[in-house]
Amino acid sequence: MAETPEHRLPPGETPMSLGIRGLCPRCGKGHIFAGFLKLAKRCDHCGLDMSFADPADGPAFFVMSIVAVPVTIFAIWLELGYEPPFWVHLLTTFPLLIISSMLLLRPFKGWLVCSQYINKAEEGRFGPRQPPPQA
Ligand SMILES: [Zn+2]
């Protein structure tokens with residue numbers, strides 16, 4: 001696949017370096033977020049149309065996969081080591097789970113949006129039927 005100038009990252013940048021900072025994949029200066037997780041309609045610097053961006057549940061999947069193991073290990077360690085009442089888990093494990101997930105969601109979403117841009121990833125579509133290959 002030939003890379004067009006439209007889909008090049010700024011020099012020295014990667015989809016991850018731009019995405020975790022929430023910066024536009026085309027210019028590297030504008031912002032891709034209009035809220036905490038809501039994507040902007042256009043880059044506020046270069047005007048890149050962000051309609052291509054649809055990471056769906058990708059960020060949530062990565063964050064759940066990353067956060068679940070250490071938080072579960074912490075909960076088991078706390079339970080087996082101290083046998084605390086349930087409310088201690090509500091005050092320690094539950095906030096740890098929520099806060100660590102919230103901290104990672106935005107960088108992961110930014111990274112996936114920038115990766116979508118550079119890889120021209122889009123939803124699969126059905127095209128016209130192709131004749132079967134001749135044997
Ligand atoms: Zn831009």
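Since this is a predicted model, take the numbers as computed values, not measurements. In what follows, residues are counted from 1 in the order of the sequence shown. Whatever order the structure lists them in is the order used to number ligands and atoms, beginning at 1.
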Which atom pairs, one a donor and one an acceptor, fall under 3.5 Å between side chains of residues 15-23 and the rest of the protein, sequence neighbours left out?
unit_1, atom_1, unit_2, atom_2, d
Ser17, OG, Glu13, OE1, 2.7
Ser17, OG, Thr14, N, 2.8
Ser17, OG, Thr14, O, 3.0
Ser17, OG, Thr14, OG1, 3.3
Arg21, NE, Ser17, O, 2.8
Arg21, NH2, Glu13, OE1, 2.7
Arg21, NH2, Glu13, OE2, 3.2
Arg21, NH2, Ser17, O, 3.3

All salt bridge (charged side-chain N to carboxylate O under 4.0 Å, His left out) counterparts of Arg42, not counting sequence neighbours: none
Protein N, O or S within less than 2.8 Å of the Zn ion (ligand 1), waters excluded: Cys24 SG, Cys27 SG, Cys43 SG, Cys46 SG
Heavy-atom closest pair, residues Arg26 and Cys46: NH2-O, 3.3 Å
Contacts table for residues 90-110: side-chain donor-acceptor under 3.5 angstrom, sequence neighbours left out:
unit_1, atom_1, unit_2, atom_2, d
Thr92, OG1, Val88, O, 2.7
Thr93, OG1, His89, ND1, 3.0
Ser100, OG, Leu96, O, 2.5
Ser100, OG, Leu97, O, 3.3
Ser101, OG, Leu97, O, 2.8
Arg106, NH1, Gly35, O, 2.8
Arg106, NH1, Phe36, O, 3.1
Lys109, NZ, Leu37, O, 2.7

Side chain to side chain contact (heavy atoms under 4.5 Å, CB included) assessment of Glu79 paired with Trp77: CA-CA 6 Å; Glu79 184 63 32; Trp77 169 80; over 6 Å; no
Nearest heavy atoms of Val113 and Ala53, plus distance in Å: CG1-CB, 3.7 Å
